[in-house]
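These notes are about the structure you will find just below.
Heavy-atom basis, side chains included; hydrogens, waters and symmetry copies ignored. Because the structure is a prediction, the values reported are computed rather than measured. Throughout, a chain's letter reflects where its sequence line sits, starting with A, and its residues are numbered from 1.
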2 protein chains.
Amino acid sequence: MDGSKIKNMDEFAAVAGISRPTISKYFHDPSSVKQSTRARIEEALEKHDYRPNIFAMNQNRKLTRTVGIVMPYLADPIFGEIARTIERRCIDAGYRTALFSSHGERSGEIEALESLRALRPSGVMLAPLGRFSDRDFISGFCEEFPTVIFDRDIEGVGEAFVGSDNASFVSQSVEYLTRIGDPPCFFEMKNPANPNSIARRQGYMRSMRERGFEPMVVQVDGEGWEFERIGYDGGLGVIENRSLPTNTVLCSNDRLAIGFLAACYEKGLRVGRGSGCALRVAGHDNHPHARFTCPSLTTVAHEYEAISETGVSTLFDLIEQGGRFEGRRVERLPTRLIMRDSA
Amino acid sequence: MDGSKIKNMDEFAAVAGISRPTISKYFHDPSSVKQSTRARIEEALEKHDYRPNIFAMNQNRKLTRTVGIVMPYLADPIFGEIARTIERRCIDAGYRTALFSSHGERSGEIEALESLRALRPSGVMLAPLGRFSDRDFISGFCEEFPTVIFDRDIEGVGEAFVGSDNASFVSQSVEYLTRIGDPPCFFEMKNPANPNSIARRQGYMRSMRERGFEPMVVQVDGEGWEFERIGYDGGLGVIENRSLPTNTVLCSNDRLAIGFLAACYEKGLRVGRGSGCALRVAGHDNHPHARFTCPSLTTVAHEYEAISETGVSTLFDLIEQGGRFEGRRVERLPTRLIMRDSA
DNA sequence: GATAAAATTTATCGCGCGTAAATAAATCTT
DNA sequence: AAGATTTATTTACGCGCGATAAATTTTATC
């Protein structure tokens with residue numbers, strides 16, 4: 001904590017009275033130097049408060065021990081949560097992280113990967129935009145760096161995919177809803193930004209048919225990432241037009257459901273499975289706010305923890321194997337029904 | 001888009017048939033080279049798809065044109081939104097950004113600033129943790145890099161602060177609530193992570209006294225960042241104990257209010273200003289979800305856009321002035337009452 | 001105290017790029 | 001066409017660090 005500013009390793013080596021390569025070795029692994037020199041270094045460290053420049057370090061290192069994380073849209077709390085969980089696991093495993101958001105745009109995704117390239121990451125966790133992604137570009141990137149695709153798949157790209165099983169998502173919700181009440185319609189955006197949405201719709205249709213019901217898909221207008229707004233506006237629309245084909249609404253994701261519930265509240269429709277209720281509403285994902293909607297939202301949970309755990313350990317496997325698996329690993333994790341009050 | 005992989009500027013200079021310094025100059029400013037050489041470079045660029053390594057560039061550059069952004073907790077959608085807005089403004093101004101989250105922890109904040117130091121940013125937008133921040137460390141950082149503190153102030157640190165005026169926040173909500181109904185109590189966490197909370201409580205107390213009312217502060221247990229949970233549990237508590245001193249509840253922030261509203265709903269308390277309503281509830285911040293609570297949440301809005309705009313342009317001013325202002329600039333922007341249905 | 005083993009130092013190169021000065025080439029004057 | 005300018009190239013060095021080989025010192029072993 002001295003006033004003296006040390007700006008590089010040479011200067012620090014000088015004040016510590018130890019050669020630079022030894023200092024470098026120490027920062028690589030403190031236990032790799034003799035106990036007495038280690039003590040001297042750490043003593044100097046307390047006096048002078050120096051830290052090596054991480055980017056200069058990585059520039060010529062064999063292993064950077066850096067994991068790149070790319071999320072499609074960090075302002076969405078679901079992605080925020082996932083990113084935080086992954087970061088924690090990486091840090092616990094002795095890696096450092098570099099977090100990027102694509103901001104929902106193709107160019108943003110490319111920018112993020114381009115910046116990552118310059119960092120020469122040991123591995124990358126990539127949650128792609130999906131249908132807006134530049135498939136060829138990402139594919140090329142995956143050739144260069146060990147990359148695990150997660151959340152949404154880009155088929156055939158990268159050495160591994162880890163995500164929730166959309167079929168599992170929807171079959172659980174459809175099974176539950178049909179078991180204790182009328183079969184649900186499926187509420188979604190007309191042009192979903194998200195390929196998971198498509199898989200969910202298909203899963204819904206198959207689940208319904210398997211149970212002998214005719215699928216009912218309700219699509220509402222809206223683009224972009226303001227899902228609550230879209231669910232709200234769309235909800236108001238279908239309520240006012242009385243165009244809901246059933247009293248049970250299964251939303252493609254929780255954020256739409258949050259908006260839909262707001263519309264129901266405003267229109268005085270009581271939501272829940274009690275006798276006085278006009279409507280049942282359910283979602284998918286288990287959004288951090290799903291517990292606090294009115295009524296609390298019945299949903300099928302993304303197991304963040306499990307996905308992060310599996311994704312990160314798959315990545316570490318991949319890194320250990322030198323960046324290549326025999327065949328592409330695909331893991332679709334089961335999901336978990338969370339019964340609350342809305343359905 | 002050729003197959004040939006170019007890995008550095010030397011190789012690219014070779015295939016383009018132009019010297020490396022000229023290539024470097026081109027990437028600095030394409031219009032700084034002769035039209036004909038520019039054309040040749042861009043032709044080669046299309047063929048070979050090379051991009052310079054941004055971190056190597058920044059290492060020895062005078063101006064990195066990089067803005068560092070440090071948020072206290074990115075998983076909070078409010079901070080996600082603010083970060084996104086700031087990033088956009090920086091990019092529009094020709095800067096690149098590096099985004100970090102402190103993850104709500106002192107060590108995370110230090111890590112973030114330490115990483116930023118290695119990037120030698122042209123400027124930094126820092127939303128500090130507040131009372132968990134290492135004041136001395138941050139102060140030292142601000143000496144090195146032009147830094148604008150925003151969202152929460154650390155008095156005397158950095159060349160500028162830009163944020164909402166907490167007094168304005170609370171006086172608007174108190175004024176409104178007292179004008180159309182009973183005076184509000186103030187609902188908050190016992191140990192708020194956030195210095196804004198303290199300023200808001202003080203603002204509440206002053207506002208109340210100015211109007212001749214005795215302040216009523218309701219404090220609930222809870223630590224960490226799960227504000228909705230804390231608002232919900234605390235809300236259940238005060239409702240069950242009937243310990244609310246009044247029928248009007250002003251929450252320190254919207255996330256607490258979201259949890260509180262969920263508790264009200266569950267307890268069958270109708271919220272709003274109509275005749276059939278038991279309670280009025282209001283918040284502060286204008287959280288992205290505040291529009292979609294049930295009922296929609298009356299709140300006082302943070303003007304994200306204005307804060308980002310003012311903050312970033314203050315930073316650019318600061319950068320132009322060489323990193324120092326005459327005196328410390330403090331801008332507390334006014335807030336805006338948003339009347340919805342909850343109060 | 002001699003010998004082997006381990007740790008450190010010295011020296012030099014590399015990473016991918018910025019930058020400055022000196023030189024060479026192209027372009028513009030008159 | 002000769003001189004004056006602008007632009008481009010060459011040369012040389014720097015940023016902060018990693019990596020390695022050879023030379024030297026320190027420590028451990030007997």
(request) Measure up the Trp225(B) and Phe79(B) rings against each other and bin them: parallel (under 30°), tilted (30 to 60°), perpendicular (over 60°). (result) perpendicular
(request) Measure the distance from CZ on Arg38(B) to C1' on dA26(C) and round it to the nearest whole Å. (result) 20 Å
(message) For dG16(D) and Asn8(A) - does any side-chain N or O of the residue sit under 4.0 Å from the phosphate oxygens OP1/OP2?
(response) yes
(message) Just by distance, no angles: are the side chains of Tyr50(A) and Glu11(A) close enough, under 3.5 Å, to form a donor-acceptor pair?
(response) no
(request) To the nearest Å, give me how far apart CD (Glu11(A)) and P (dC17(D)) are. (result) 10 Å
(message) Assuming nearest nucleotide by heavy-atom distance, tell me which of Gln59(B) and Val33(B) is located more 5' along DNA chain D.
(response) Val33(B)
(message) If you compare every side-chain N and O of Lys62(A) against the phosphate oxygens of dT20(D) (OP1, OP2), does one of them come in below 4.0 Å?
(response) yes
(request) Could you state the atom-to-atom distance from OH of Tyr26(A) to C1' of dC17(D) in whole Å? (result) 17 Å
(request) Find the distance Asn58(B):CG to dG16(C):P and express it as a whole number of Å. (result) 16 Å
(message) Please report the distance, rounded to the nearest Å, between CZ in Phe27(B) and C1' in dG16(C).
(response) 13 Å
(message) dG18(D), OP1 or OP2 - any side-chain N/O from Ser24(A) closer than 4.0 Å?
(response) yes
(message) Rounded to whole Å, how long is the line connecting atom NZ of Lys7(B) with atom C1' of dG16(C)?
(response) 10 Å
(message) Within the 4.0 Å heavy-atom criterion, would you say Lys25(A) contacts the bases, only the backbone, or no part of the nucleic acid?
(response) nothing
(message) Quick check on dT7(D): is either OP1 or OP2 less than 4.0 Å from any side-chain nitrogen or oxygen of Thr37(B)?
(response) no
(message) Need one value for Tyr50(A): base, sugar-phosphate or nothing, where a base atom within 4.0 Å counts as base even if backbone is also close, heavy atoms only.
(response) sugar-phosphate
(message) Can you tell me if His28(B) touches the phosphate of dT19(C), counting only side-chain N or O atoms and a distance under 4.0 Å to OP1 or OP2?
(response) yes
(message) Rounded to whole Å, how long is the line connecting atom CZ of Arg65(B) with atom P of dC17(C)?
(response) 20 Å
(request) Using a 4.0 Å heavy-atom cut-off across all strands, classify Ser19(B) as base, sugar-phosphate, or nothing. (result) base
(message) Could you tell me if Thr97(A) and Glu87(A) have a donor-acceptor pair between their side chains, going purely by distance under 3.5 Å?
(response) yes
(request) Tell me, yes or no, whether the heavy-atom count around Arg328(A) atom CZ, taken from other residues, nucleotides or ligands under 6.0 Å, exceeds 12. (result) yes
(message) If you assign Arg20(A) and Ser36(A) each to the DNA chain C nucleotide with the nearest heavy atom, which residue ends up on the more 5' nucleotide?
(response) Ser36(A)
(request) Decide yes or no, distance alone: a donor-acceptor N/O pair under 3.5 angstrom between the base of dG18(D) and the side-chain of Asn60(A). (result) yes
(request) Can you label the angle between the Tyr95(A) ring and the Phe316(A) ring as parallel, tilted or perpendicular, going by 30° and 60°? (result) parallel
(message) Measuring from the side chain of Ala56(A) (C-beta onward, heavy atoms only), which nucleotide among dG16(D), dA11(C), dG18(D) has the closest atom?
(response) dG16(D)
(request) Identify, between Ile54(A) and Ile18(B), the residue whose nearest nucleotide on DNA chain D lies closer to the 5' end. (result) Ile18(B)
(message) Centroid separation under 6.0 Å, is that true for the rings of Phe141(B) and Phe145(B)?
(response) yes
(message) I need the CE-C1' distance between Met9(B) and dG14(C), as an integer number of Å.
(response) 17 Å
